[in-house]
Amino acid sequence: MTKVNSTPLILNGRHLADEVLNNISNEINLLKSKNKRIPGLAVVLVGDNPASLTYVNNKEKTSKKIGIYSEVHKLAVNVSETELIKQVKLLNNNKNIDGILVQLPLPAHIKSDKVIEQLDPNKDVDGLHPYNLGKLFSGQDCLVPCTPLGIMEILKHYSINLSGIHTVVIGRSTLVGKPLAALLLGKNATVTIAHSKTENIESVSRTADILISAVGKAKLIKSSWVKNDAIVIDVGINKVYENGISKSVGDVDFENVKSVCKAITPVPGGVGPMTIAMLMANTLKAYKKND
Ligand code: NAD
């Protein structure tokens, strides 16, 4: 990968996601042509958080586009934990459903961990059940959280070598940072996880050959955080208002960093589309295992 005229290579997650979705759609068409059952995905949404609604709509739209059977179960914001678990159990036993996703965050009166533990691990397409996370950390095949999986696919697609490479992951959530660290270790990268309590985070970040930010703070990462010719993966999605217009930006100050790094994922159009594509890939994987 060569950098030309201080312009970094843009790691195009949208194109890659389209390619992945196209392949899945072809597989589903083949199942249909053989009169076989098609994969099914159920999304459970509690309440009407606008961001969650957008995510759920996108998931449903993508499922339908590629031929995955899709159900969305909308529950009232004040639904009890017991009622929510009852819904999860119904879906566990539904033979037309291969993947179940409980959209997070859940309202404060519901313990997410308790709900996720009730999912059938073989239908846990978000990869957040302790069974799947345990398998991931012990290097076994399992359903892997979609965003880290999407990042690994981007790195693979662009033939980015990981063996022995120093990767700094900023953010230690169960959704992104921690599972990503496990996947990177699995490819022999040297991994540092930095987070809100890390001292001298700017200098830690500057040691990265590959820098991955999953924080949720607009324009946190400036050029002074980035080593020359580093590869930068921006996971953050942050809503900002510029000139009265709302738009999504990442954690990385793109304009500031672009002259320093060798390659970078844009926001939008980088990790985001790959997350949805990996959800569809996980649904197909669960289908193949469960059928
Ligand atoms: P989270 O809030 O669970 O975790 C954020 C992490 O950032 C924490 O581990 C915290 O220690 C760390 N952090 C907070 N402030 C920091 C600081 N100033 N310096 C260094 N570290 C700091 O969030 P999450 O669910 O992991 O998501 C992170 C971001 O990624 C959000 O913007 C979210 O919207 C985005 N996201 C994007 C996708 C996608 O598909 N692109 C998927 C999931 C999450």
Side-chain angles (χ1 to χ4, degrees), residues 10-14 16-18 20-21 43 49-59 61-62 101-106 108 112-113 116 125-128 133 144-155 167-184 191-208 211-222 224-226 232-240 246-254 257 264-282:
I10 301 298
L11 305 172
N12 193 325
R14 185 157 285 142
L16 181 55
D18 285 347
V20 171
L21 292 173
V43 178
N49 174 302
S52 293
L53 261 174
T54 306
Y55 292 140
V56 169
N57 286 342
N58 285 342
K59 287 164 189 170
K61 214 168 83 190
T62 308
L101 181 151
V102 179
Q103 184 66 44
L104 301 176
L106 291 171
S112 308
D113 288 355
I116 286 165
V125 281
D126 239 356
L128 294 177
L133 287 172
V144 174
C146 304
T147 303
L149 194 57
I151 294 168
M152 296 305 285
E153 285 298 311
I154 293 175
L155 297 172
T167 306
V168 174
V169 178
I170 310 186
R172 57 175 163 180
S173 70
T174 307
L175 194 65
V176 189
K178 283 182 199 159
L180 180 59
L183 291 169
L184 291 165
V191 184
T192 299
I193 306 190
H195 47 80
S196 55
K197 300 281 187 276
T198 301
E199 289 182 4
N200 305 319
I201 193 162
E202 188 173 328
S203 17
V204 172
S205 167
R206 214 167 37 235
T207 62
L211 176 64
I212 305 177
S213 182
V215 172
K217 285 205 161 59
K219 300 186 179 180
L220 173 75
I221 314 290
K222 306 278 181 199
S224 57
W225 291 52
V226 180
V232 179
I233 308 289
D234 191 353
V235 186
I237 302 177
N238 308 291
K239 277 259 172 279
V240 294
S246 150
K247 61 175 198 169
S248 289
V249 298
D251 291 344
V252 178
D253 188 340
F254 187 90
V257 162
I264 187 165
T265 56
V267 177
V271 175
M274 282 305 287
T275 297
I276 294 203
M278 291 302 105
L279 175 65
M280 302 301 140
N282 275 350

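Whatever order the structure lists ligands and atoms in, that order sets their numbers, starting from 1.
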Report summary line: Between the CD1 atom in I151 and the CG atom in L180, the distance rounded to the nearest 0.5 Å is 5.0 Å
Query raised in the report: So, the side chain of N49 versus the backbone of S52: is there a donor-acceptor pair under 3.5 Å, distance only?
Result: yes
Requested in this report: Assess whether atom NZ of K247 is packed by more than 12 heavy atoms of other residues, nucleotides or ligands within 6.0 Å.
Outcome: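 No - once you tally the heavy atoms of other residues, nucleotides and ligands closer than 6.0 Å, there are 12 at most.
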Query raised in the report: Are K178 and S173 close enough that a side-chain donor and a side-chain acceptor fall under 3.5 Å?
Result: no
Query raised in the report: Can you tell if the side chain of L128 reaches within under 4.5 Å of the side chain of L104, non-hydrogen atoms only?
Result: yes
Query raised in the report: Are any of the side-chain heavy atoms of I154 and L16 separated by less than 4.5 Å?
Result: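 Yes, at least one pair of side-chain atoms sits under 4.5 Å.
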Report task. With a 4.0 angstrom cut-off on heavy atoms, strictly below it, pick out the residues next to ligand 1 and order them by chain and number. Result -> T147, I170, G171, R172, S173, L175, V176, H195, S196, I201, A214, V215, G216, K217, V235, G236, I237, N238, V271, G272, T275
